[in-house]
Amino acid sequence: MSVNDLFIKGNKLFLEKNFFGGLDIFKEIWVQFPKNKRLEEEINKKVKRFKIPIIQTHSKKEIENFFNLEKSGKSSIVIKKLSETLEKNQNDILTISLLANFWSLEGNYKKAIYFHRLAIQKHPLESAFYLNLSDTLIKINKLEDALNVLYYAKILSLNNRDIDHKMAKLFTNLKKFSKSDQIYKELISYKNVSRDLIYDYCDNLIKCKKENDVILYVQKFEKKNVSDSTLKSILGLAYSQKKQFNLANTFYYESINLNNTNSDVYTLLGDNFLAAGDFTNAKLNYNKSLQIKPNNKMALNNLAALNYFIGDFMEAENIYELSIRSNNNNYDAHYYLAQCQLAQANFNKGWINFQYRWLANKFNSNKLKINLPEFNLKKDKKNLLLWSEQGVGDQILFLRFFKDLEPYVNNLFIKIDPRLHCIINRIYPKIKFLEKNENYNNYTIDYQLSIGDLGYLFVKDASALTKYKNYIIAEKSLTNELKKNFQTKKKFICGLSWISKNEDIGHKKSISLEILKPILSMENIEFLDLQYNDTNDER
């Protein structure tokens with residue numbers, strides 16, 4: 001549809017007072033033709049014609065008093081008074097909006113969202129109401145929903161750079177770094193750019209693994225501007241990402257010299273020591289961070305992770321639980337606590353906390369967007385779609401539960417790494433494999449489930465993990481050919497892979513053949529090279 005046809009359609013919807021439909025069309029125009037000059041003109045016309053003014057039913061002094069009461073811990077008094085006011089006039093839009101904000105401050109996000117949506121329903125052309133709803137959705141980590149709502153605010157305020165900044169931050173949190181980078185590049189081109197914008201721009205670059213761009217930008221910025229502790233810590237983080245740990249420390253210490261009360265810098269310094277394998281200094285700096293800010297979520301989570309890494313599961317669990325109590329919606333802590341509990345065979349609590357993984361920033365898999373109910377064992381035998389998460393190694397581990405699943409399913413459909421199709425097909429030839437972009441609606445499927453949730457269904461104690469020892473089998477003809485071609489007098493054959501290419505944790509999972517030499521020299525074992533990269537020089 002041409003841009004002119006879209007304008008005709010959008011204008012018609014506004015004339016019919018279908019404002020949300022009209023905004024959707026204008027949003028489509030903005031996405032497809034962001035530089036279209038007519039769009040702003042048309043939006044201004046609609047706002048001028050259809051926007052209803054908000055009646056000031058509460059004075060500025062009264063609203064200021066509401067916020068003072070909230071700060072003193074008396075938000076319930078404010079909510080009660082606003083609710084009584086709303087009972088007298090159900091269309092008091094200012095009261096509705098204030099109720100939404102105070103319920104959000106109270107932490108009751110469900111009620112906050114209800115009143116935010118009510119305000120939007122009654123005043124669909126007020127951009128501030130969309131901004132408020134988006135902020136509340138961010139608090140409960142519904143980032144996609146928050147972004148979709150923010151689009152409406154953007155359409156109603158095309159030149160509002162604060163909205164652009166909010167969108168860029170959301171794209172970063174959603175790991176859509178290129179989209180975020182595109183917005184930031186335009187924003188930093190203006191004069192009088194705020195420091196917060198610069199910090200967030202650099203943060204996005206680091207998450208894009210563009211550390212060199214960060215270093216060049218900050219150095220260029222510092223030539224014309226007074227440096228600050230945050231910029232120094234950003235340089236530290238960039239060098240830490242480049243594995244230049246000593247240089248990173250230099251900038252972290254410069255940051256601390258400029259401001260020794262910033263809890264986050266001590267946390268980053270602790271992270272840098274941890275990445276370098278210096279657990280003592282890592283723990284020391286996490287504790288310094290917590291002395292300044294006892295509920296620092298990052299410091300608590302990372303200190304717990306350190307204890308988990310060195311095998312002190314009980315201490316790690318205690319710190320994760322403290323972090324959860326101290327910080328609302330601390331989904332990363334729930335996710336890591338789950339791993340800690342599962343490692344100790346505490347399956348009841350572990351699987352419950354594992355459900356938070358989809359909300360955790362550190363969890364790298366995306367939840368499949370699908371309009372089917374979730375499978376459970378209480379249902380009658382039905383057709384099930386099982387979809388994959390995490391890496392291929394994790395997917396292989398979860399294959400062990402397929403035998404447990406069989407009695408509960410008529411037909412099983414799977415979306416999984418294609419490299420596993422032939423392996424699964426050898427044991428379960430009736431399984432239907434769906435390709436990556438294949439539409440599940442082409443089949444009769446009743447329920448869906450992530451492969452990672454099979455553990456929650458079937459692992460109640462440790463015996464479930466050893467129930468089926470041979471849950472995958474090799475291809476027989478290939479096995480026979482290998483046996484025929486490989487002759488050895490040694491008692492055992494051992495395949496070995498010793499290097500991980502994972503950029504984040506690969507160095508923690510790798511070892512050199514030189515260190516392994518005493519083991520490789522054992523006389524009764526023949527070692528086979530299973531490493532997937534060229535190892536000739538090292539061997």
Side-chain angles (χ1 to χ4, degrees), residues 209 211 237-249 268-286 301-316 335-336 338-340 342-345 362-365 389-400 417 419-420 423 462 465-466 469 471-472 474 482 486 488-539:
K209 301 188 184 300
E211 297 88 0
L237 182 56
Y239 281 112
S240 184
Q241 295 279 72
K242 287 165 65 70
K243 306 290 189 293
Q244 296 181 27
F245 302 121
N246 290 334
L247 192 52
N249 279 344
L268 291 170
L269 184 56
D271 292 345
N272 191 57
F273 278 118
L274 181 61
D278 186 343
F279 300 149
T280 302
N281 276 311
K283 184 176 284 192
L284 178 70
N285 281 283
Y286 289 144
N301 287 357
N302 294 357
L303 179 59
L306 188 156
N307 281 283
Y308 176 82
F309 188 73
I310 63 177
D312 193 345
F313 295 149
M314 289 296 292
E315 181 65 10
Y335 170 51
Y336 287 123
Q339 296 181 52
C340 196
L342 293 172
Q344 298 175 85
K362 299 293 185 180
F363 188 67
N364 292 323
S365 294
E389 61 171 270
Q390 306 180 63
V392 66
D394 300 281
Q395 295 172 39
I396 290 171
L397 290 175
F398 285 114
L399 294 181
R400 71 176 70 229
D417 192 303
R419 291 173 289 180
L420 299 180
I423 295 173
L465 300 174
T466 55
K469 292 184 179 179
Y471 60 90
I472 55 175
L482 285 170
F486 189 83
T488 180
K489 295 179 179 179
K490 296 186 177 181
K491 187 174 181 181
F492 301 106
I493 298 174
C494 176
L496 181 66
S497 174
W498 62 95
I499 301 170
S500 170
K501 292 296 183 181
N502 186 300
E503 291 185 6
D504 296 322
I505 59 172
H507 64 287
K508 295 177 182 177
K509 302 196 296 177
S510 301
I511 194 169
S512 72
L513 289 183
E514 187 176 3
I515 294 173
L516 288 173
K517 190 174 180 179
I519 296 173
L520 297 174
S521 302
M522 294 174 70
E523 293 184 355
N524 65 335
I525 303 177
E526 186 79 39
F527 288 94
L528 300 184
D529 180 357
L530 301 182
Q531 189 62 41
Y532 48 81
N533 53 311
D534 188 355
T535 64
N536 279 331
D537 291 342
E538 188 178 8
R539 284 188 286 112

Atom of A282, atom of G270 and distance for their closest heavy-atom approach: CB-O, 3.4 Å
Within 6.0 Å of CG in N524, more than 12 heavy atoms from elsewhere: yes
Flag side-chain contact, heavy atom, 4.5 Å: I472 against I396: yes
With sequence neighbours excluded, residues passing ring pair (Phe, Tyr, Trp, His ring centres under 6.0 Å) with Y335: F363
Salt bridge (Lys or Arg N to Asp or Glu O under 4.0 Å) pairs, two or more places apart, involving residues 529-539: D529-R539
4.5 Å side-chain heavy-atom contact, F492 and M522: no
Atom pair CG/CG of N246 and N272 - distance to nearest 0.5 Å: 8.5 Å
Minimum heavy-atom distance S240-A248, with the two atoms named: N-CB, 3.6 Å
CD-CG distance between E315 and L306, expressed to the nearest 0.5 angstrom: 10.5 Å
Worked check of side chain to side chain contact (heavy atoms under 4.5 Å, CB included) between L516 and F527: CA-CA 11 Å; L516 288 173; F527 288 94; over 6 Å; no
Side chain to side chain contact (heavy atoms under 4.5 Å, CB included) between F273 and N249, worked out: CA-CA 8 Å; F273 278 118; N249 279 344; 3.6 Å; yes
With E211 via salt bridge (Lys or Arg N to Asp or Glu O under 4.0 Å) - residues at least two apart: none
Ring pair (Phe, Tyr, Trp, His ring centres under 6.0 Å) involving F309 - partner list, sequence neighbours excluded: F279
L397 side chain near Y471 side chain, heavy-atom distance below 4.5 Å: yes
Shortest non-hydrogen contact from Y308 toward C340: CE1-CA, 3.7 Å
Value rounded to 0.5 Å, distance of CG in D271 from CG in L237: 8.5 Å
Point-to-point distance, once rounded to the nearest 0.5 Å, from CD of E526 to NZ of K491: 15.5 Å
Sequence-distant partners of D417, salt bridge (Lys or Arg N to Asp or Glu O under 4.0 Å), two or more places apart: R419
Heavy-atom donor-acceptor pair, S500 side chain to S510 backbone, under 3.5 Å: no
Closest approach of L247 to Y239 (non-hydrogen atoms, all atoms of both residues): CD2-CE2, 3.3 Å
Pairs flagged by side chain to side chain donor-acceptor pair (under 3.5 Å) wherever residues 273-283 is involved - sequence neighbours left out: D278-N281
Expected output: side-chain Q241 to main-chain K209 donor-acceptor under 3.5 Å: no
Distance, nearest 0.5 Å, that separates OH of Y532 from CD1 of I499: 8.0 Å
E514 side, atom CD; L520 side, atom CG - distance, nearest 0.5 Å: 11.5 Å
